[in-house]
Amino acid sequence: MAITYKWDIPAMNAHIQAEGEENVIYTVHYRYTGSEESNGKVYSSTNIGTQGYTYVAGEPFTPYENTEAFEAIVIGWLEDSLDVEQMQASIAANIQSQITPVNEDLYFTWQNPTPEPPVEEVPVAQPSDPEEEVAEGEE
């Protein structure tokens, strides 16, 4: 199955006013995630970063809006200024190494014992309080 890529923009930093405009974005914080299903399991890898921008007076300016349409504009900025092909190649390589590992971690158990998996606690039904029960016909 093919890798599906998705942008996430958790935050943007903006100058309140700059070059005669308001909310001038100067840094975009992003996460670019690829995910792929293989043998019933989903594998994913994420590239996290920031990208800086400088607005120059007189250039086209897109005012900030809290909308999906503006998010699409910001994603366009990222795609124009980042090496997306390289990011996809890195993500794909990471996912492939998860699907088909070529390395493993080894430990000296006497120095760093392997933690035992947590015991799953099953909630035990508590008997109801007889004083809180209302007998049929009583109210």
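Computed from a predicted model, the values in this text were never measured in an experiment.
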Query raised in the report: Does a donor on one side chain and an acceptor on the other come within less than 3.5 Å for Y43 and Q96?
Result: no
Query raised in the report: Taking C-beta and beyond as the side chain, do Y32 and Q88 meet within less than 4.5 Å on heavy atoms?
Result: yes
Report task. Please report the shortest heavy-atom distance between A18 and H15, naming the atom on each side. Result -> CB-CB, 3.9 Å
Query raised in the report: Is Q98 reaching over with its side chain to a backbone N or O of S44, donor-acceptor style, under 3.5 angstrom?
Result: yes
Report summary line: When rounded to the nearest 0.5 Å, the distance separating CE of M87 from CD of E79 is 9.0 Å
Query - Gap between atom CZ of F70 and atom CG of N66 - 0.5 Å precision - result: 10.0 Å
**Report entry** Fellow cluster residues of Y55, listed by chain then number, with links counted only when side-chain atoms sit under 4.5 Å apart
**Finding:** V24, F61
**Report entry** I99 side chain near K41 side chain, heavy-atom distance below 4.5 Å
**Finding:** no
Query raised in the report: How long is the gap from CG on D8 to OG1 on T46, to the nearest 0.5 Å?
Result: 9.0 Å
Report task. Taking all heavy atoms of A2 and all of E36, pick out the closest pair and write down the distance. Result -> O-CG, 4.2 Å
Query - Y5 side, atom OH; T33 side, atom OG1 - distance, nearest 0.5 Å - result: 11.0 Å
**Report entry** L82 side, atom CG; Y30 side, atom OH - distance, nearest 0.5 Å
**Finding:** 4.5 Å
Query raised in the report: About how many Å separate CG of D80 and OH of Y53, when rounded to the nearest 0.5 Å?
Result: 8.0 Å
